[in-house]
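We name chains A, B, ... by the order of the sequence lines, and we start the count at 1 in each one. Reckoned from all heavy atoms, side chains included, excluding hydrogens, waters and symmetry mates.
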4 protein chains.
Amino acid sequence: MPNAELVRKRREQILRGASKVIAERGYQETNISDIAKELGIGHGTFYRYFDNKRHIAEQVLSYAVDQVTQLIVDIDPDAADTLSDYANQLNEIGSRLFDFFNNNRELAQVFFFEAYGVDRDLTIKLQEVIELFGTYVERYLQNGCQKGYLRQDLDIEITARAINGMIFAGVLRTFQKGNGEKERDRWIKSISTLMLSGMAS
Amino acid sequence: MPNAELVRKRREQILRGASKVIAERGYQETNISDIAKELGIGHGTFYRYFDNKRHIAEQVLSYAVDQVTQLIVDIDPDAADTLSDYANQLNEIGSRLFDFFNNNRELAQVFFFEAYGVDRDLTIKLQEVIELFGTYVERYLQNGCQKGYLRQDLDIEITARAINGMIFAGVLRTFQKGNGEKERDRWIKSISTLMLSGMAS
Amino acid sequence: MPNAELVRKRREQILRGASKVIAERGYQETNISDIAKELGIGHGTFYRYFDNKRHIAEQVLSYAVDQVTQLIVDIDPDAADTLSDYANQLNEIGSRLFDFFNNNRELAQVFFFEAYGVDRDLTIKLQEVIELFGTYVERYLQNGCQKGYLRQDLDIEITARAINGMIFAGVLRTFQKGNGEKERDRWIKSISTLMLSGMAS
Amino acid sequence: MPNAELVRKRREQILRGASKVIAERGYQETNISDIAKELGIGHGTFYRYFDNKRHIAEQVLSYAVDQVTQLIVDIDPDAADTLSDYANQLNEIGSRLFDFFNNNRELAQVFFFEAYGVDRDLTIKLQEVIELFGTYVERYLQNGCQKGYLRQDLDIEITARAINGMIFAGVLRTFQKGNGEKERDRWIKSISTLMLSGMAS
DNA sequence: TATGAATGAGCTTTCATTCAT
DNA sequence: CATGAATGAAAGCTCATTCAT
């Protein structure tokens with residue numbers, strides 16, 4: 001009944017269709033009419049819900065970013081009191097990220113690749129999300145140092161981004177190889193090992 | 001006098017101009033006439049040396065990729081006999097990568113961002129280079145396990161890519177922040193620490 | 001209302017405009033924008049109805065060819081039983097051809113001149129139509145030989161093409177001189193005379 | 001020694017090369033550099049001998065036209081005194097034309113097809129040559145009527161062009177089919193038969 | 001005189017966007 | 001509110017022609 005609700009629904013439908021097509025063809029190669037065809041709507045209709053082509057790319061990325069962000073907001077960086085608590089947190093966060101991108105392959109494609117092909121601003125936006133994750137990791141490390149279970153001489157700022165780099169490398173790689181859980185667990189284990197005890201024998 | 005030499009020189013000139021413009025404006029936003037203007041040549045001249053717009057993007061990336069690859073080919077993965085040897089190798093590789101991208105900012109911009117905006121094939125090419133680095137790191141780890149200074153239960157394949165992820169995350173970040181050596185050294189130290197001893201106190 | 005009908009109409013409109021402009025300026029000298037200007041439409045509109053410049057040339061020629069072919073399909077090559085029947089048929093066919101090209105001067109221009117300037121394939125297509133006419137004439141001659149009113153030693157295949165040559169020479173010439181009926185009748189009479197009794201006194 | 005002689009030679013060399021390439025590829029598809037490549041000269045050199053691309057097409061056609069014209073100038077239209085003399089003349093003219101175009105296939109290709117693709121003026125020039133042939137044939141007919149061996153009621157002007165049409169149709173067809181002498185003789189015989197006695201039994 | 005590197009006018013074509021229906 | 005026909009800016013690319021060497 002509420003008109004706004006219908007509009008929201010339509011917008012989301014189009015968003016989903018656009019995600020699919022952009023993920024399949026790439027942003028530059030995607031025409032508005034491709035999206036319209038995918039959805040079975042007239043391509044003029046598209047413009048009733050989005051300002052222009054750029055706009056929908058932004059919205060698709062925003063949607064992906066929101067979803068990804070949601071994955072970690074409910075985990076309290078300060079909750080871990082011991083190294084083992086922390087290891088469990090790591091497991092949890094890793095699993096969520098890996099699973100999300102494997103279950104939302106279209107968003108993953110956009111997140112990891114297509115967004116760069118749109119323009120500078122969107123690329124920056126993407127970098128900011130990754131940086132946001134960096135600050136999250138930073139808080140976890142801070143907590144660990146304060147509680148004493150992480151070494152005191154840690155360069156928290158940098159180490160956080162390094163860990164971030166491992167995680168996204170893993171997520172990207174499992175997404176690309178697409179062989180799911182087994183690969184995921186190897187990544188989580190390897191990253192955890194590196195983080196907690198390093199490679200030295 | 002040798003015609004081929006002249007051609008080589010001109011091609012490189014154009015390549016350099018194109019790198020600059022593409023790095024500044026982005027691939028999609030770059031017109032052939034932008035490149036021509038930058039170089040002060042007619043845009044027809046461009047087509048005497050490159051087949052089309054796509055071609056030059058590929059050449060720019062190839063050039064970057066070649067340079068990056070050159071950075072590590074002369075380091076022998078089997079040379080390190082102790083953990084400390086290995087740590088030194090890490091320092092060396094890291095320094096080279098960090099320095100290269102900081103001293104060739106245009107290539108860095110293309111390598112990290114613009115190549116994704118061209119098309120799928122070029123994106124794949126880029127992934128392959130990063131994967132090439134992964135296989136290199138793998139060989140280092142293999143050597144370490146064989147020589148016994150790295151833990152025997154290491155998941156070499158995955159760990160190598162995780163380390164790769166850290167390195168490229170660091171390289172990218174220092175490139176973006178542009179505050180040079182100090183940041184570089186913090187990254188190298190942090191990654192080394194993580195790799196060698198982990199974060200646990 | 002029926003969309004397909006609208007499309008057919010528009011296509012024909014553009015075809016007519018294109019015929020006119022091509023006949024006036026020549027194929028090579030005709031730009032898509034000339035056609036668009038002639039029709040008072042945006043040149044993008046052209047591409048909604050035809051694939052490219054080549055395509056419309058082909059369509060214009062096809063149209064001409066179809067029309068020309070229609071001129072003779074309803075005349076039965078076997079209908080003539082005497083030399084005088086045959087003379088009447090000749091009159092009829094000649095009149096139709098002469099009149100058609102004089103009343104459709106744009107198509108004539110394309111048929112006789114412009115099609116050669118497009119490319120090899122279209123030239124071949126044109127040759128095929130003329131050859132089709134040759135086979136038609138051949139059937140008339142065959143009938144005449146069988147019925148006995150034409151000489152038995154006729155080289156039917158060649159003679160048919162020779163007659164064809166006279167006819168098209170005449171049609172072309174009256175089209176170019178544009179002085180209509182009188183000229184037309186002289187041609188028909190002269191060709192008939194040649195065919196039926198030759199020039200000897 | 002005389003410089004002008006060298007220039008003339010070079011010009012002719014280029015003309016020959018151009019004829020070949022234009023006949024092979026078609027005028028529009030022929031680039032100046034194609035011609036230069038064929039001759040093994042720099043394409044700048046071309047412009048020292050011909051004003052522009054158009055110019056050489058014109059020269060190629062002129063050359064063809066001159067050659068063709070030469071074929072008949074030495075036959076005196078007034079020489080025939082009887083029908084049988086005339087028949088012999090016909091044989092001679094026909095043979096020369098057929099042979100010329102079969103032995104100069106490149107010129108034939110240009111003459112029959114490529115010249116139309118250049119521009120209006122050249123097309124007109126071509127028409128004029130054919131018309132020139134028409135006037136020649138006209139003189140032969142005139143002579144025949146005066147001498148009394150051709151029928152007095154002949155529409156000389158038109159009949160001449162009709163015969164012309166047959167001849168060129170035949171020449172074109174044998175050129176295209178390329179099966180030489182046998183076909184040629186059938187054409188000459190058929191045309192002669194038609195002209196002298198018609199088809200009636 | 002011969003060359004071919006350089007040029008840019010000018011073309012075809014695409015497709016995001018508008019707007020009348 | 002939905003549509004898709006119409007549009008034209010804007011881009012890539014070709015190649016005849018020029019001219020410095």
Chemist: Using the six-membered ring of Y27(A), assess whether NZ or CZ of K53(A) lies under 6.0 Å from its centre and within 45 degrees of the ring axis.
Modeler: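 Yes, K53(A) lies over the aromatic ring of Y27(A).
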Chemist: Which residues pass the side-chain contact (heavy atoms from CB on, under 4.5 Å) test with E24(A), sequence neighbours left out?
Modeler: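 For E24(A) the side-chain contact (heavy atoms from CB on, under 4.5 Å) partners, ignoring immediate neighbours, are K20(A).
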Chemist: With the threshold set at under 4.0 Å for non-hydrogen atoms, list the residues of residues 12-33 of chain A touching DNA chain E in residue-number order.
Modeler: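 Only T30(A), N31(A), I32(A) qualify.
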Chemist: Name the residue closer to the 5' end of DNA chain E, choosing between N52(C) and R10(B) according to the nucleotide with the nearest heavy atom.
Modeler: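 On the 5' side of the pair lies R10(B).
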Chemist: Expected output is a numbered-order residue list: members of residues 38-51 of chain D with a heavy atom under 4.0 Å from any atom of DNA chain E. What is it?
Modeler: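 Close to the strand are I41(D), G42(D), H43(D), G44(D), T45(D), R48(D), Y49(D).
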Chemist: Is the shortest side-chain N to carboxylate O distance from R16(C) to E12(C) below 4.0 Å?
Modeler: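 Yes, R16(C) and E12(C) are salt-bridged.
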Chemist: Which residues satisfy the salt bridge (Lys or Arg N to Asp or Glu O under 4.0 Å) test with E106(B), sequence neighbours excluded?
Modeler: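 Once residues adjacent in sequence are excluded, E106(B) has no partner under the salt bridge (Lys or Arg N to Asp or Glu O under 4.0 Å) criterion.
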Chemist: So, does N104(A) use its side chain to make a donor-acceptor pair with the main chain of L107(A) at under 3.5 Å?
Modeler: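 Answer holds: no.
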Chemist: Say you draw a straight line from CZ of F113(B) to CG of L126(A); how long is it, rounded to the nearest 0.5 Å?
Modeler: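 Here the rounded value is 9.0 Å.
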Chemist: Just to verify, what does R105(C) make a salt bridge (Lys or Arg N to Asp or Glu O under 4.0 Å) with, not counting sequence neighbours?
Modeler: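 Counting only residues at least two positions away or on another chain, R105(C) forms no salt bridge (Lys or Arg N to Asp or Glu O under 4.0 Å).
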Chemist: For the pair made of NE2 in H55(B) and P in dG12(F), what is the distance, rounded to whole Å?
Modeler: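 Answer to the nearest Å: 16 Å.
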Chemist: Listed by chain and number, what are the salt bridge (Lys or Arg N to Asp or Glu O under 4.0 Å) partners of R120(B), not counting sequence neighbours?
Modeler: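 E114(A).
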Chemist: Whole Å only: how far is the CD1 atom of I35(D) from the C1' atom of dC15(F)?
Modeler: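 Computing the I35(D):CD1 to dC15(F):C1' distance gives 13 Å.
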Chemist: Can you give the dot-bracket line for DNA chain E, where a pair is Watson-Crick or G-U wobble with both atom distances under 3.5 Å, crossing pairs use [ ], and | marks a partner on another strand?
Modeler: .||||||||||||||||||||
Chemist: For a 4.0 angstrom threshold against heavy atoms of chain C, report the outermost contacting nucleotides of DNA chain E in 5' to 3' order.
Modeler: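 So the outermost contacting nucleotides come out as dC11(E) to dT14(E).
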Chemist: For E29(A), give me all partners under side-chain contact (heavy atoms from CB on, under 4.5 Å), at least two apart in sequence or on another chain.
Modeler: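 Counting only residues at least two positions away or on another chain, E29(A) forms a side-chain contact (heavy atoms from CB on, under 4.5 Å) with R25(A).
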Chemist: Which residues pass the side-chain contact (heavy atoms from CB on, under 4.5 Å) test with E128(B), not counting sequence neighbours?
Modeler: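 Per chain and number, E128(B) pairs via side-chain contact (heavy atoms from CB on, under 4.5 Å) with I124(B).
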Chemist: Are Y116(D) and F112(C), when compared by the centres of their aromatic rings, separated by less than 6.0 Å?
Modeler: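 When the ring centroids of Y116(D) and F112(C) are compared, they turn out to be at least 6.0 Å apart.
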Chemist: With sequence neighbours excluded, what pairs up with R54(A) under the salt bridge (Lys or Arg N to Asp or Glu O under 4.0 Å) test?
Modeler: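 R54(A) satisfies salt bridge (Lys or Arg N to Asp or Glu O under 4.0 Å) with E58(A), D119(A) only.
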Chemist: Who passes ring-ring contact (aromatic ring centres under 6.0 Å, His included) against F46(D), sequence neighbours left out?
Modeler: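 F46(D) satisfies ring-ring contact (aromatic ring centres under 6.0 Å, His included) with F50(D) once adjacent residues are dropped.
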